[in-house]
Structures are given as structure tokens and as C-alpha cells.
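Accompanying notes for the structure given below.
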Amino acid sequence: MRMTKLFFQTLREAPADADVRSHQLMVRAGLVRQVGAGIFEYLPLGLRVKKKIETIMREEMDAIDGQEIVMPVVQPASLWKRTGRWYEIGDDLARLTDRAGRELVLAMTHEEVITELAGGVISSYRQLPVMLYQIQTKFRDEPRPRGGLIRVREFTMKDGYSFHPDISSLDEYYPLVYQAYFNIFGRAGLDVIAVESDTGMMGGTMAHEFMALTEVGEDTLLLCDACGYKANRQVATFVKADVDDQSEEEPLPLEEVSTPGVDTIAALARFLEIPESRTAKALFLVATVEEEGEEREQFVFVVVRGDMELNETKLTNALKARQLRPAQPEEIRAIGAEPGYGSPVGIRRDDVVLVVDDLIPGSTNLVAGANREGWHLWNVNCDRDFRPDIIVDVVAAADGHPCPICQAPLRSVRGVEVGNIFKLGTKYSEAMDATFLDEDGGSVPMVMGCYGIGSGRLIASAIETNFDDNGIIWPITIAPHQLYLVSLATRRTPEVTEAAEQVYCQLHEAGVEVLYDDRDERAGVKFNDADLLGIPIRLTVGARGVKNGVAELKLRNGDEVRELPLDDIVNQIQLIVDSETEAVLARVITEPLQ
RNA sequence: CGGGGAGUAGCGCAGCUCGGUAGCGCGCUUCGUUCGGGACGAAGAGGUCGGAGGUUCAAAUCCUCUCUCCCCGACCA
């Protein structure tokens with residue numbers, strides 16, 4: 001591609017609304033532009049990257065017997081009503097009405113359509129298992145898009161769905177996808193780790209997230225450097241007994257203490273000169289739960305130790321709640337508690353579910369609120385002073401907590417979820433009546449798995465982990481072009497133009513992806529754009545070199561400059577392309593899933 | 001949805017406090033000189049100052065409403 005023909009623009013300064021580095025670099029390099037909040041357009045160079053990534057996805061999906069299809073973005077609401085998600089999902093699901101008044105949705109994922117499709121085509125166990133995937137636009141009306149391409153509303157996703165005759169078939173297939181995902185990210189030059197994750201609104205029995213470790217990530221992960229334990233904070237556990245154990249103490253009598261204006265745990269610990277671990281934190285929430293097909297709100301009183309944070313995902317799962325929201329002060333007072341001074345001692349229990357973290361029973365003589373403004377209670381003890389309805393782990397693992405496997409301290413890091421895989425089970429096949437006849441002639445719902453990767457996120461994450469002050473540093477496998485050819489010709493050096501043109505044609509014909517900077521620009525401009533665009537191999541043809549029959553080679557990921565003979569340029573470059581490619585592929589992780 | 005910030009030329013910004021009819025840098029066009037890490041000179045093009053109302057002789061500037069974008073939080077298959 002000749003730069004003089006290329007539709008692109010590089011910017012010296014990043015747009016003011018780009019905050020994260022990948023976003024800034026992508027706009028500055030002319031890969032993408034932002035159209036609206038969480039809505040982007042891809043320019044030619046950006047699209048080349050996207051296509052390369054998607055080619056890798058296709059190859060890896062095809063390698064595990066995936067078959068590509070395309071499903072619609074705009075779908076009838078009736079499908080979503082059948083699975084109930086029309087009602088369950090809130091404003092994230094974009095809804096619209098057509099001219100005839102029919103309700104439609106913009107697909108945020110494709111379980112409904114694919115399940116109906118599979119149900120319609122598959123009628124016998126002989127047709128199973130099967131894996132279908134697509135690379136398609138999704139729309140999610142996110143409350144707050146952010147981070148450039150990290151969190152957007154419209155995005156492209158590779159989503160795959162597998163259908164199985166039984167769970168063991170899914171269990172056999174799932175690890176293949178797990179490895180295929182490592183292959184995809186590895187081939188794209190992106191380091192990821194896989195962590196167990198919450199199944200969330202997808203339902204299902206097992207799920208993994210593939211995380212790119214970067215500061216701009218929205219998820220927190222807990223890793224154990226000693227034994228390799230790793231999990232999303234949403235599900236991470238830790239050994240609580242080792243965190244400030246107090247189980248040996250004798251329970252002491254309750255005692256009121258005046259604590260005027262002390263309405264946070266931190267203030268309480270400071271005021272009474274005790275560690276936060278000697279306090280009990282009361283949290284008031286309202287859960288939406290389903291009972292006999294009816295949704296209702298349930299007041300939930302949660303007690304965790306003062307030095308712990310509530311993990312809402314764990315709580316949601318423990319309650320099997322649809323939703324959780326903080327309780328209003330009036331609702332808190334209605335059960336006889338006081339915001340800022342809450343404790344489970346002496347509250348009205350009729351309509352309250354009391355959830356107690358499993359660390360509380362072993363923690364004696366805690367300081368808790370007195371349900372009276374300005375007062376706390378010394379020596380609150382579980383069971384003696386209050387009876388929990390549920391005792392369960394509901395606190396978040398944090399940096400330094402003991403690993404649940406080996407007790408070494410956990411390390412917390414930020415990550416971007418670039419892909420995920422789920423064992424869905426039969427949630428959707430039952431709802432959509434996607435059944436088949438098994439060997440015994442029985443009608444059985446198919447067992448499903450689903451597997452997603454966001455293209456844009458993958459690109460943004462690749463940049464977040466590969467850049468320097470001058471710009472992007474692409475892995476050669478996903479770079480928009482493999483080689484950036486700089487011509488330093490001027491009007492007085494036609495021989496340089498001629499040499500550069502010749503090199504361009506030769507490389508192009510040999511199949512090397514060349515971005516040829518034939519612009520009438522100064523050397524500095526070209527070199528800076530080459531760096532900003534991050535093309536892995538830079539080849540410079542200038543008067544000095546042409547005189548000696550050489551061109552200059554520099555790799556974007558290094559500083560070394562060396563000369564290559566012009567008369568052997570194609571071979572030389574192909575060797576470099578190959579070795580750069582191999583260097584990326586050498587890092588693909590093989591990680592069997594237990 | 002709560003809190004904070006910002007909308008002035010393609011990009012980055014000044015001007016607003018104290019109203020007087022819009023400016024700087026980069027980029028862009030033309031000509032000349034230059035030519036190995038973002039050149040120099042000269043001459044240009046380009047803006048309903050996010051939008052709508054209002055106050056005023058006069059509004060980028062003051063008032064009201066509204067839209068949009070960014071950040072923190074809530075949320076996040």
C-alpha cells in the first residue's frame with residue numbers, strides 16, 4: 001500500500017476525550033475514530049488489524065470443528081421473551097419497534113437465535129456435538145462506556161456456541177476451546193491468563209475468563225505466585241482462619257459505648273483504638289428474588305468483619321438473587337436499625353434475611369452498632385446475640401490474603417476480560433425447546449457451551465501491553481502491515497525513488513505486506529509515523545544506501561540498525577518476517593484444563 | 001443514575017471573571033528555498049463559538065433550558 005493513496009491521518013496530539021493510552025494511540029495512528037460514546041469507526045489500517053485478529057479466530061475455531069455462520073443483529077423480541085431475558089435484562093438491552101409496531105432488540109449476544117437455529121436443524125444425537133460460531137456486531141447499551149475500545153456499546157465479537165448430547169460431551173469439548181483461546185491470544189501476541197469466573201447472567205456451571213493484565217482493566221484478579229491459583233475477585237476465596245484469628249477468646253458480656261459521630265468502620269476503629277478486624281460491619285441491601293415465578297424484594301442484612309469488603313457477586317449467588325441494590329435509610333430504619341450504627345442485635349427480624357460471613361462466628365467480642373445514633377456495642381458474638389439465617393462466604397479476597405490452596409499471600413492485579421467461555425448447560429435449550437432424540441428415543445434438551453472474544457478489546461489490550469513513547473509496537477501477527485518502507489528520495493535523487501519503487505514491487509510480489517511511504521515528506525516525519533503506526537519491520541531506502549547497494553533495516557521492537565543488500569532484499573526480509581512471526585508463536589501457552 | 005470536568009477551525013488550546021462582532025500552535029493549500037528523526041520564508045483557505053430561548057444598542061462572554069463527550073462511582077452477557 002502506498003501512503004500517498006492511503007486513507008489515513010496521523011495526529012501529533014491525541015483528542016482530549018481519549019484518556020487511556022490504547023485509545024490515544026489508536027486515534028493518533030489513524031486506526032479508529034470515535035463517533036459517539038462507545039461507538040467507533042475503523043479506518044483502513046485499523047480494519048486490517050481487526051481482520052487479522054479475526055482470521056486467527058477463524059482458524060482456531062475451525063481447528064476445533066467450529067463452523068462459521070452469521071446471525072442477525074436485529075432480532076424479534078419474542079425470542080428474548082421465551083428465555084425471559086426480555087424481562088430480566090434491564091436497559092443494557094436496546095429495544096426498538098418497527099413500523100408495524102413489532103418489538104425488536106439489538107442483539108447483545110446470540111444465545112436465543114442460535115439455540116432456536118440449532119433446535120430447528122438438529123433432531124438426533126447423531127448430529128451432535130456441533131460447534132457454530134460467528135463474528136458479528138453486538139450492541140449493549142452500557143451505562144458508561146469507557147477506556148476507548150476497552151468498554152464500548154457497539155462492538156464486534158467472535159461468539160461460538162457448542163451443542164452436546166450430554167454434559168460429558170461438553171466436558172470433553174470445553175478444554176479444547178480453552179486451549180484454542182490460548183492459541184488465539186498467543187498468536188495475536190497477547191499474554192493472557194485464564195481465571196475461573198462467575199457465570200453471571202449467562203447462567204451455567206463453569207466459566208473462565210481470559211484476562212489481559214493491564215492497569216486499565218476493569219476486573220481485579222487474585223493470583224498466587226506460589227501455587228498458581230488465580231481467580232477473578234468476584235469468585236476468589238481465601239483462607240480466613242489465618243486472617244487475625246480470634247476464635248480462642250472467651251465471649252464477654254454486651255456493653256454499650258457512646259461513639260458520637262462515629263459512623264464508619266475506620267472512624268470506629270480509630271475512636272476505640274482497636275483494629276478494624278475487631279469490628280463488625282453491617283450492610284443493608286435489598287435483593288430482588290424470585291419465588292414461585294413471582295419477583296419480590298427482600299431486605300437483606302449482611303454482617304462482615306470490619307476489615308473485610310463485601311463481595312456482592314458472592315452475596316448475589318448465595319441469595320440466588322436477581323438483583324441487589326443498597327437499601328434506603330427509611331428502609332433501614334423500618335427494620336429497627338440505624339444507618340452508620342447498624343448491627344443485627346435487636347433488629348426486627350420478620351422480613352429480614354440475616355446473612356453472616358463465615359468469618360463472623362469465629363470472631364468473638366466484636367464491636368458493632370447499637371442501632372442507635374451515636375452508640376455502639378462491645379462484645380457482640382454471633383449465635384449468642386443474634387441468629388444468622390445464612391452463614392456463607394460473602395467477602396472479597398484482597399491483596400495479601402492467604403491463598404485458598406497453599407496459604408501464600410495472594411497478589412491482586414487489574415485485567416481486561418478479552419474472552420470468556422461458559423458451560424451453559426440446558427438453560428437456553430430448555431427455554432427454546434431445543435431438544436433431540438437420544439439413543440433411547442427420548443427427547444432431551446441439548447447441553448450448551450458458549451465462547452466469546454471481543455475483537456476491539458483484544459486490539460486495545462494488545463496495544464496497552466505493547467507501546468512506547470513513540471507509539472504502538474505491534475506483534476507482527478496482527479500488525480496492519482509487516483513492513484514499513486521509507487523512501488528518502490528527493491527531486492534530486494531519482495535513483496532513490498527508482499530503488500524504493502523496485503523494492504516495493506519486489507516485496508509486494510513476494511507477498512510481504514508493505515506500507516510504502518512514498519509521500520513527499522521529510523525523513524523525520526516518515527520515521528515518526530513509522531514509529532507511531534508501530535509496523536514491526538522498517539526498511540529505509542536512501543541516497544547513502546543506494547550508492548552502496550543497501551537498504552537499512554530497523555525493527556520497531558529494538559534499536560539495532562543494519563544494512564541489507566538490495567539485490568537480496570526479498571529473501572532477507574522474508575527471513576525476518578518468518579523469525580518475527582516465530583518469536584510471537586513461540587509464546588503461545590499450552591495449558592491443559594484440569 | 002449520583003459526583004466532577006469539558007464543548008470555540010481537522011487536532012490541541014487561549015479568549016469568558018470585567019459584553020463591543022474571534023485568536024494561537026499543529027495540520028491543510030500555493031510558491032520558493034530545503035531534504036536521514038516531526039524544516040524555513042511568503043501568501044492563503046477554513047469557525048452559525050454544541051443547540052434553543054432570554055437580557056442588552058450589542059452575547060463566545062451574562063441568565064434559563066437542553067444536547068453531547070470525558071473521568072470517578074453505581075452497573076457490567
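Side chains are part of it too, since the values below use all heavy atoms of this structure and drop only hydrogens, waters and symmetry mates.
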Next on the checklist: Counting only Watson-Crick pairs (N1-N3 plus N6-O4 or O6-N4) and G-U wobbles (N1-O2, O6-N3), all under 3.5 Å, who is the partner of B:G38?
Outcome noted: none
When you get a sec, tell me which of [options] is the closest nucleotide to the side chain of [X]?
X	options	answer
A:Glu552	B:G38, B:U34, B:G36	B:G36
A:Asp17	B:G36, B:C76, B:C70	B:C70
A:Gln9	B:G38, B:G37, B:G10	B:G10
A:Glu312	B:G36, B:C75, B:G38	B:C75
A:Val525	B:G37, B:G38, B:C75	B:G38
A:Gln34	B:C69, B:G38, B:G12	B:C69
A:Leu11	B:C11, B:G36, B:C71	B:C11
A:Asp19	B:C71, B:G12, B:U34	B:C71
A:Arg12	B:C70, B:G37, B:G27	B:G27
A:Arg28	B:G38, B:G37, B:G25	B:G38

Is [X] close enough to [N] that one of its side-chain N or O atoms is under 4.0 Å from OP1 or OP2 there?
X	N	value
A:Arg325	B:A74	no
A:Arg492	B:U34	yes
A:Arg522	B:A39	yes
A:Arg144	B:A74	no
A:Arg146	B:G73	yes

Next on the checklist: Between A:Asp393 and A:Lys314, does any side-chain N to carboxylate O distance fall below 4.0 Å?
Outcome noted: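 Looking at A:Asp393 and A:Lys314, the cut-off is met.
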Checklist entry - For A:Ile150 and B:C75, what is the distance between atoms CD1 and P respectively, to the nearest whole Å? => result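 For the pair A:Ile150 CD1 and B:C75 P, the rounded distance is 20 Å.
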Checklist entry - Cut-off 3.5 Å, side chains only: do A:Thr83 and A:Tyr428 have a donor facing an acceptor? => result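 Short answer, no.
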Item to check | Parallel, tilted or perpendicular, as decided by the 30° and 60° cut-offs, for the rings of A:Phe182 and A:Phe210 | outcome: perpendicular
Next on the checklist: Would the base of B:G37 count as contacting A:Arg538 through its side chain, where contact means a donor and an acceptor less than 3.5 Å apart?
Outcome noted: yes
Checklist entry - Between A:Asp92 and A:Thr10, which is nearer to the 5' end of RNA chain B once each is assigned its nearest nucleotide? => result A:Thr10
Checklist entry - Are side-chain heavy atoms of A:Ser455 and A:Phe155 found at a separation under 4.5 Å? => result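 A:Ser455 does not reach A:Phe155 side chain to side chain.
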